[in-house]
Amino acid sequence: MGASLRALRALVLLAGFYLLGVVLLAALAGIDYAAVAGGLHGPAAAKLVIVSVVLAVPIVRGLFMLRTPKGEPPAGVPVTEAQEPLLWQTVREIARQVGTRAPDEIVLIDEVNAAVSEDARLLGLRPGTRRLYLGLPLMTGLDEMQLRAVLAHEMGHYANLDTRLTPLIARGRAQLIRTIGHFHERADNKVAKERAKQEKQAEKRIAKGKKAKAVDTTGQGAMYRAMAKIYTAYGTFYMRATLSSARRQELAADLASVRVAGRDAAASALRELNALDSAHDFYMSSYATLGVGAGLLPRPGEVFGGLRRLLDARSGDLDELRRELSTEPSSPYDSHPALAERVARIEALPDDGRAGQGARPAMELLSSPEAALAALEQAVLTPQALALERMDWDDLVHESMTRYVGQGAEDIREALTAEGAGPELAALLDAVDADPAVRWRIADRFPKSEQAAAATGRAAREFARPVVRRALNQLVTAELTARGAARWQLSWSESATLRYQAEGFEDQLGLALDAVVADQPDTELLRKLVLAP
């Protein structure tokens, strides 16, 4: 469908919203007229007119919503051509190849994403400022040809005037959502008033010694909700019509990426995006923010820059994500077709002879990737996050894990103290020697599953045994890391691990912990292993 037809359809859909409002207002007026002309007078007629006017208010408010609410643009770092000449040159070159005007601004953001916007005016009839939002995590995971494919896709949206039509579509959606919201809000208010009224009446009856009636708000706000359902039905039709068009736009933009970067680069970029999205989420939760609870962050530039280390270390793990693509859109309202469909369409195209093109990492298009990553932190992190202590990765992992283990050990020490044992490991071992049953009483102070809570006798001890062992191990870890006899070690390919100074220590520790939680406990081995000078 050409841009002119898509613009016409967007206008028709928007006009449909106004037409629906006019029809409903006419229907309300018609009902009032028919009632009065049919002989309805007095309080009943007045009540009907009042109800009609009240129902008309949300309709009129929706019709005269003059401004379309604008979402907040992503936070990021605007870069000029003087700051990033090679990146700007690449973007301008791709825009020429696609046959469109290049963006006026480029903003580096913290997402695995690239997006374009245009501040079009007069409902998209006049062009406006164009912006390209380009994620540094995205660039981190792509090579130059893959990035060119992504950029060509975004320039394709400009060429197809997709961004110019956005204000038309956004206005219709916003007005529908606002109008539906008005009706639901009034319905909820009516229910709340009726509930408050009935609760007050119930209180009076109780004060008089009478039985109170149950609160019943059935039917309250029904007219408002009925009107909301009418607009919701049109909204469903509106969303389906605009989303089908949006998905065709995505497929058309994919063809632009193929023309510029080649079939294989375009397909591999989409596959890489699928892997990058998951990898980035995992990296941010398990690495970049690992130390936040301990008041720590990686060195400047490494909050987002460390992603490259993870990608290099886990490339094999990400291969499955590159192969296994979703066959369904992420939601019924996703403007993008399923990733598997997009890749299949691209890979079904004839071979264009551009397979295996050598390409440098996309981050090399930046004058200084390290400076860009550090600047992005300043733009998107909160002042509280920026105020945290910064550390190298190795120290960050060790200090964070040490503090977390220490915090966990405090809970264990509280349980020990409550059972009359001292808060330290040596005191616990003394208590076990004096009364082996103290182990199971300590375990009772920690959360249990329903099955463990119901168990008795030996079965209860089997549930308690691993709880006590974990508590012991945590106390041992806190003791050893405090003495410098053990250190948490960073790994980009797996979870952080605790490394002991003495060779074979881990195996001996396992045996010692098992001995303490055995039916007939023996604390001697753990004392010699951990507490001996």
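All values derive from a computational prediction rather than experimental measurement.
To the nearest 0.5 Å, atoms CZ (Arg390) and CD (Glu377) are separated by 4.5 Å. Between the CG atom in Leu87 and the CE atom in Met363 there is a gap of 10.5 Å [rounded to 0.5 Å]. Between the CG atom in Asp392 and the CD atom in Glu302 there is a gap of 8.5 Å [rounded to 0.5 Å]. To the nearest 0.5 angstrom, Leu138 atom CG is 12.0 Å from Asp110 atom CG. If you take CD on Gln489 and CZ on Arg499, they are separated by 4.5 Å, rounding to the nearest 0.5 Å. Atom CD of residue Glu84 and atom CD1 of residue Ile106 lie 9.0 Å apart, to the nearest 0.5 angstrom.
Take Asn189 and apply the side chain to side chain donor-acceptor pair (under 3.5 Å) test, not counting sequence neighbours, and it matches no residue. Partners of Asp395 by side chain to side chain donor-acceptor pair (under 3.5 Å), not counting sequence neighbours, listed by chain and number: Arg487. Scanning for salt bridge (charged side-chain N to carboxylate O under 4.0 Å, His left out) contacts around Arg342 gives Asp254, with sequence neighbours left out.
In this structure, Leu251 and Glu341 have side chains that are in contact, with non-hydrogen atoms separated by less than 4.5 Å. Taking 4.5 Å as the limit, every side-chain heavy atom of Asp277 sits out of range of all side-chain heavy atoms of Asn113. Between Arg322 and Asn274 the shortest side-chain heavy-atom distance does not fall below 4.5 Å. Side chains of Arg458 and Asp519 form a contact here, defined as non-hydrogen atoms less than 4.5 Å apart. Using a 4.5 Å cut-off on side-chain heavy atoms (C-beta onward), Tyr158 and Val116 make contact. The shortest distance between side-chain heavy atoms of Leu134 and Leu151 falls below 4.5 Å. Glu524 places a side-chain heavy atom less than 4.5 Å from the side chain of Arg527. Considering only heavy atoms from C-beta on, Asp312 stays 4.5 Å or farther from Trp492 through its side chain.
Remark: the Glu250 side chain and the His153 side chain contain an N/O donor-acceptor pair separated by less than 3.5 Å. For Thr129 and Asp104, the side-chain atoms include no donor-acceptor pair closer than 3.5 Å.
Considering every non-hydrogen atom in both Arg445 and Ala418, the closest pair reads CZ-CB, 3.5 Å. The nearest pair of heavy atoms linking Arg314 to Tyr287 is NH2-OH, 3.1 Å. Across all their heavy atoms, Pro298 and Ala288 have their closest contact at CD-O, 3.5 Å. What you find for Pro74 and Tyr133 is that their closest heavy atoms are CD-CE2, 3.8 Å. Of all heavy-atom pairs spanning Val405 and Ala478, the tightest one is CG1-N, 4.1 Å. Between Pro137 and Val112, the shortest heavy-atom contact is CB-CG2, 3.9 Å.
In this structure a side-chain-to-backbone donor-acceptor pair under 3.5 Å is missing from Thr402 to Trp488. When atom types are taken as modelled, the side chain of Trp88 and the backbone of Val79 share a donor-acceptor pair closer than 3.5 angstrom. In this structure, the side chain of Arg308 engages the main chain of Thr140 through a donor-acceptor pair within 3.5 Å. Between the side chain of Ser491 and the backbone N or O of Glu494 there is at least one donor-acceptor pair closer than 3.5 Å. Distance alone, capped at 3.5 Å, places no donor-acceptor pair between the Gln474 side chain and the Ala471 backbone. Under the 3.5 Å distance criterion, the side-chain polar atoms of Arg439 are matched with a main-chain donor or acceptor of Val516.
No salt bridge links Arg96 with Glu93; every basic N to acidic carboxylate O contact stays at or beyond 4.0 Å. We find that Arg413 and Glu410 are joined by a salt bridge, their nearest charged nitrogen and carboxylate oxygen being less than 4.0 Å apart. Ion pairing between Arg469 and Asp514 holds under the 4.0 Å rule for side-chain N and carboxylate O.
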Chi angles and distances behind the side chain to side chain contact (heavy atoms under 4.5 Å, CB included) call for Met155, Val260: CA-CA 11 Å; Met155 295 304 107; Val260 169; over 6 Å; no

Step-by-step side chain to side chain contact (heavy atoms under 4.5 Å, CB included) determination, Ile94 to Thr90: CA-CA 6 Å; Ile94 292 171; Thr90 302; 3.9 Å; yes

Stepwise side chain to side chain contact (heavy atoms under 4.5 Å, CB included) check, Ile442 with Leu428: CA-CA 10 Å; Ile442 290 170; Leu428 171 59; 3.6 Å; yes

Derivation of the side chain to side chain contact (heavy atoms under 4.5 Å, CB included) call for Arg299 and Trp393: CA-CA 8 Å; Arg299 295 287 185 193; Trp393 281 109; over 6 Å; no

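Among Val77, Ile109, Leu376, the one residue that satisfies the side chain to side chain contact (heavy atoms under 4.5 Å, CB included) test with Leu136 is Leu376.
The local environment of CD in Glu81 is crowded, with over 12 non-hydrogen atoms from other residues, nucleotides or ligands closer than 6.0 Å.
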